Amino acid sequence: MKNSLAFSHQLIEEVIAPGDTVLDGTAGNGHDTLFLAQLVGSRGCVYAFDLQEKAITHTKMLLEAHGAASQVHLFQRSHAELGQVIAPDSPIKGALFNLGYLPGGDKTIITKKESTLTAIRAVLTRLARGGRCVIVLYWGHPGGKEEKEAVLAFAAALPQAHYQAAVYQFINQRHTPPLLLCIEKIAKK
Ligand SMILES: C[S@@+](CC[C@H](N)C(=O)[O-])C[C@H]1O[C@@H](n2cnc3c(N)ncnc32)[C@H](O)[C@@H]1O
């Protein structure tokens with residue numbers, strides 16, 4: 001079985017084509033941003049956000065090393081502000097969030113439920129029909145459980161005529177394995 005991270009990539013890959021516009025809400029060390037940049041190719045566009053300078057620097061270096069920097073717009077600001085950067089009528093085909101803290105970085109800089117929910121709402125407003133917002137929730141750290149519960153409650157309340165929301169989670173692993181949430185905007189019938 002795929003782990004949550006690998007499955008998050010599969011869920012995004014299934015709906016993205018070269019030339020699409022996508023978003024990485026938590027660039028971190030840049031692995032997801034690079035994955036998205038390679039999926040959309042040089043004609044596509046990736047908006048990537050992270051609060052930390054270190055994360056933006058790592059991401060930029062990784063993208064440049066793979067010749068995939070030209071299609072990526074990096075922002076050192078909160079994903080809660082994505083609405084100030086991406087026009088409301090600019091359709092996003094896919095969005096990835098990897099919630100928690102930067103591996104190998106400052107464990108006190110974590111995603112928080114209020115800004116996470118603001119960002120997810122802004123993504124859903126811009127999500128193209130058939131597009132997916134895929135969220136990997138690491139929740140073993142302080143505040144992680146509250147964030148997980150708030151995000152799941154938000155997703156569970158989405159109107160089923162417009163969205164499908166599903167969770168993927170290992171239920172027999174020790175500690176707090178990450179949980180994967182996928183929200184898809186239903187394509188026009
Ligand atoms: C689990 S890491 C992301 C890992 C990343 N996707 C990768 O491939 O390496 C979570 C990241 O979220 C960032 N973060 C925390 N709060 C944020 C916010 N409000 N807006 C944007 N990024 C935030 C952290 O700085 C951290 O780098």
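Both counts, for ligands and for their atoms, begin at 1 and track the order of listing. Just so it is clear, the model here is predicted, and its values are computed rather than measured.
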Starting from [atom], which protein heavy atom do you reach first, and at what distance in Å?
atom	value
atom 9 (O) of ligand 1	Asn29 N, 2.9 Å
atom 24 (C) of ligand 1	Asp50 OD1, 3.5 Å
atom 19 (N) of ligand 1	Ser78 OG, 3.1 Å
atom 2 (S) of ligand 1	Tyr101 O, 3.4 Å
atom 10 (C) of ligand 1	Asn98 O, 3.3 Å
atom 21 (C) of ligand 1	His79 ND1, 3.3 Å
atom 15 (C) of ligand 1	Thr111 CG2, 3.5 Å
atom 3 (C) of ligand 1	Thr26 O, 3.5 Å

**Asked** Using heavy atoms and a threshold below 4.0 Å, how should the contact between Leu96 and ligand 1 be classified: side chain, backbone, both, or neither?
**Response**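 Looking at Leu96 and ligand 1, no heavy atom falls under 4.0 Å.
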**Complete:** Note: Ala119, heavy atoms under 4.0 Å from ligand 1, region reported as neither
**Request:** May I ask whether Ala27 places a heavy atom under 4.0 Å from ligand 1?
**Result:**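 Yes, that is the case, since the closest heavy atom of the residue is under 4.0 Å from the ligand.
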**Asked** Contact between Gly100 and ligand 1, counting heavy atoms under 4.0 Å?
**Response**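 Yes, that is the case, since the closest heavy atom of the residue is under 4.0 Å from the ligand.
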**Heteroatom proximity flag, Tyr138 to ligand 1, N/O under 3.5 Å** = no
**Message:** Would the distance check show the side chain of Tyr168 and the main-chain N or O of Lys2 forming a donor-acceptor pair, the cut-off being under 3.5 Å?
**Reply:**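 Checking the backbone N and O of Lys2 against the side chain of Tyr168, a donor-acceptor pair under 3.5 Å is found.
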**Prompt:** With a cut-off of 6.0 Å (strictly less than), are more than 12 heavy atoms of other residues, nucleotides or ligands near NE2 of His162?
**Reply:**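 No, NE2 of His162 has 12 or fewer neighbouring heavy atoms, counting only those of other groups under 6.0 Å.
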**Item:** Over 12 non-hydrogen atoms of neighbours within 6.0 angstrom of CD in Glu53
**Value:** no
**Item:** Inter-residue atom distance Trp139.CH2 - Leu152.CG, 0.5 Å rounding
**Value:** 10.0 Å
**Option with minimal heavy-atom separation from atom 23 (C) of ligand 1, where the choices are Asp24, Leu51, Asp106, Leu34** = Leu51
